[in-house]
Amino acid sequence: MNNMTKPYFRNSENGWGLIARLLHWIVAFMIFGLLASGFIMTDLSFETQGPQKMEMYGIHKSIGATLLILMIVRLVWRFLNKPPRPEPNLKPWERHLSAIVHALLYVALFALPVSGWVMSASAGHPVSWFGLFTFPDLIGKNEGLHAIAEEIHETSPFFLAGLFVLHISGALKHWILDKDRTLQRMIRHTPT
Ligand code: HEM
Ligand code: HEM
């Protein structure tokens with residue numbers, strides 16, 4: 001690989017490569033849709049909006065399962081590909097706080113789809129992918145497990161929302177107050 005293409009797809013010391021940037025923004029976009037659809041669909045009335053409710057559950061579960069697959073790809077890619085160094089102006093507390101928030105975001109990004117999946121499967125509802133195929137049922141009916149997964153799936157969105165506030169405030173602080181490249185390098189290619 002020549003020097004033009006190598007750092008373009010992969011991360012360099014100073015910036016995120018195309019694959020990491022694409023995965024970051026696709027996952028971010030999907031998360032907003034999943035949070036919105038999760039809250040909207042659970043609020044729909046089963047009696048008067050039954051068909052719409054069921055359809056939304058199906059879409060939510062299909063997108064959620066896709067997100068789990070993307071997160072596995074993202075984690076593997078992260079292990080194969082070292083993230084860039086933090087921008088040089090970052091103070092030690094900023095480095096520590098962002099590392100903690102990123103790690104917790106990863107935890108939430110796995111906890112949500114896994115708990116969603118376990119919640120469905122343990123209630124005996126198979127998970128289909130947009131009606132095209134059905135994922136194998138690995139769990140079978142299990143009320144105890146269902147209750148735990150439901151608890152996790154209903155509390156994690158609030159935990160995730162708290163992390164977002166920190167994450168997005170951090171990104172805006174670097175852009176507006178510190179005027180460093182932290183946000184820009186997640187958006188566009190950093191020439192080496
Ligand atoms: C408008 C929304 C968002 C903005 C402006 C934003 C901005 C950023 C920036 C600038 C970075 C790079 C930080 C660095 O270089 O140290 C980053 C990393 C990261 N973001 Fe976001 N982000 C957004 C939404 C999200 C969402 C919705 C999620 C997940 C739910 C997310 C998860 C992450 C994670 C896990 C990292 C660390 C990447 C890694 O270490 O692999 N972000 N984000
Ligand atoms: C990151 C991925 C996901 C996010 C952010 C997410 C988010 C949400 C939210 C916010 C709710 C509403 C919770 C409430 O207040 O009751 C919800 C409900 C639900 N989600 Fe997810 N979800 C994700 C993945 C999944 C997956 C993969 C499945 C199944 C395969 C799933 C199945 C469900 C079900 C069945 C409900 C309804 C629970 C109930 O009726 O009490 N979710 N989700």
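Just follow the structure's listing: the first ligand is 1, and inside any ligand the first atom is 1. Please read all numbers here as calculations on a predicted model, not as lab measurements.
- Of the possible donor and acceptor atoms, none in the side chain of His174 sits under 3.5 Å from a partner among the backbone N and O of Asp180.
- At the top of the distance list for atom 1 (C) of ligand 2, counting protein heavy atoms only, stands Leu67 CD2, 3.3 Å.
- Side-chain atoms of Ser12 and Asn14 include no donor-acceptor pair closer than 3.5 Å.
- Heavy atoms of Leu172 found under 4.0 angstrom from ligand 1: none, in either backbone or side chain.
- Residue contact check: Trp117 has heavy atoms under 4.0 Å from atoms 28 (C), 29 (C), 30 (C) of ligand 2.
- If you check each of Gly64, Gly116, Ser128, Ala121 against atom 28 (C) of ligand 2, the one with the closest non-hydrogen atom is Gly116.
- When each atom of ligand 1 is checked for a heavy atom of Trp25 under 4.0 Å away, the hits are 2 (C), 3 (C), 4 (C), 5 (C), 6 (C).
- Of the heavy atoms in Ala65, only backbone atoms (N, CA, C, O) come closer than 4.0 Å to ligand 2.
- The closest non-hydrogen atom to atom 33 (C) of ligand 2, taken over Met119, Met56, Met30, Glu150, comes from Met119.
- In this structure, the protein non-hydrogen atom closest to atom 27 (C) of ligand 1 is Phe164 CE2, 3.2 Å.
- Summary of contacts: the protein heavy atom closest to atom 29 (C) of ligand 1 is Leu109 CD1, 3.7 Å.
- Using a 4.0 Å cut-off between heavy atoms, His167 contacts ligand 1 through its side chain alone, with no backbone atom that close.
- With respect to atom 11 (C) of ligand 2, the closest heavy atom belonging to the protein is Gly38 CA, 3.4 Å.
- Listed by atom number, the atoms of ligand 1 under 4.0 Å from Arg185 heavy atoms are 14 (C), 15 (O), 16 (O).
- Lys53 places a side-chain N or O within donor-acceptor distance of the main-chain N or O of Met41, the cut-off being under 3.5 Å.
- With a 4.5 Å cut-off on side-chain heavy atoms, Ile152 and Val114 do not count as touching.
- With Trp16, Tyr106, Trp77 as candidates, the residue nearest to atom 12 (C) of ligand 1 on a non-hydrogen basis is Trp16.
- Heavy-atom proximity to Glu154, at under 4.0 Å, picks out these atoms of ligand 2: 14 (C), 16 (O), 41 (O).
- Every atom of ligand 2 is numbered from 1 in the order shown, and the set under 4.0 Å from a heavy atom of Pro157 is 10 (C).
- Residue Ile31 touches ligand 2 through its side chain alone, judged by heavy-atom distances below 4.0 Å.
- Ligand 2 is never approached by Leu68 to a heavy-atom distance shorter than 4.0 Å.
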Practice task
Please lay out, stage by stage, how Leu105 and Val101 fare under the test side chain to side chain contact (heavy atoms under 4.5 Å, CB included).
Solution key: CA-CA 6 Å; Leu105 278 168; Val101 172; 4.2 Å; yes
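- Remark: ligand 2 atoms within the under-4.0 Å shell around heavy atoms of Val127 are 30 (C).
- Taking the six-membered ring where tryptophan is involved, the planes of Phe164 and Phe32 are tilted, since the angle between them lies from 30° to 60°.
- Relative orientation of the His189 and Tyr8 rings is tilted, given thresholds of 30° and 60° on the angle between their planes.
- Remark: minimum distance from atom 24 (C) of ligand 2 to any protein heavy atom is reached at His153 CE1, 3.6 Å.
- Judged by the shortest distance from any of its heavy atoms, Met41 lies inside the 4.0 Å radius around the atoms of ligand 2.
- Proximity of a side-chain donor or acceptor of Arg181 to a complementary backbone N or O of Glu87 within less than 3.5 Å is not detected.
- Remark: ligand 2 and Tyr57 share an N or O pair separated by less than 3.5 Å (distance only, no angle test).
- Among all non-hydrogen protein atoms, the one lying nearest atom 7 (C) of ligand 2 is His60 CE1, 3.5 Å.
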Exercise for the section: Just do the side chain to side chain contact (heavy atoms under 4.5 Å, CB included) check on His24 and Met186 with the steps written out, would you? Expected result: CA-CA 8 Å; His24 174 269; Met186 189 41 108; 3.8 Å; yes
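- By the criterion of a heavy-atom distance under 4.0 Å, both the backbone and the side chain of Ala28 are placed next to ligand 1.
- The closest heavy-atom contact to atom 40 (O) of ligand 1, among the options His102, Arg74, Met71, Arg78, comes from Arg78.
- Shown here is Lys173, whose NZ atom has more than 12 heavy atoms of other residues, nucleotides or ligands within 6.0 Å.
- Met30 pairs with exactly one of Leu109, Leu70, Leu35 by the side-chain contact (heavy atoms from CB on, under 4.5 Å) rule, that one being Leu70.
- Residues Pro126 and Asp137 form no side-chain contact, since every pair of their non-hydrogen atoms from C-beta on lies 4.5 Å or further apart.
- Distances from atom 15 (O) of ligand 2 to the heavy atoms of Phe32, Phe158, Phe39 show the closest one on Phe39.
- With a 6.0 Å radius and a threshold of 12 heavy atoms from other residues, nucleotides or ligands, Gln49 has its CD atom above the threshold.
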Problem - Verdict with supporting geometry, Met54 and Phe46, side chain to side chain contact (heavy atoms under 4.5 Å, CB included) - result: CA-CA 9 Å; Met54 286 305 109; Phe46 191 73; 3.6 Å; yes
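- When Leu112, Leu105, Asp180, Thr182 are ranked by how near their heavy atoms come to atom 32 (C) of ligand 1, first place goes to Leu105.
- Below 4.0 Å from some heavy atom of Ile168 lie the following atoms of ligand 1, by number and element: 2 (C).
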Handout entry: Check against side chain to side chain contact (heavy atoms under 4.5 Å, CB included), Phe159 and Leu104
Key = CA-CA 9 Å; Phe159 173 65; Leu104 291 175; 4.2 Å; yes
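- The proximity of Leu34 to ligand 2, defined as any non-hydrogen pair under 4.0 Å, involves the side chain as well as the backbone.
- Proximity of a side-chain donor or acceptor of Arg10 to a complementary backbone N or O of Leu80 within less than 3.5 Å is detected.
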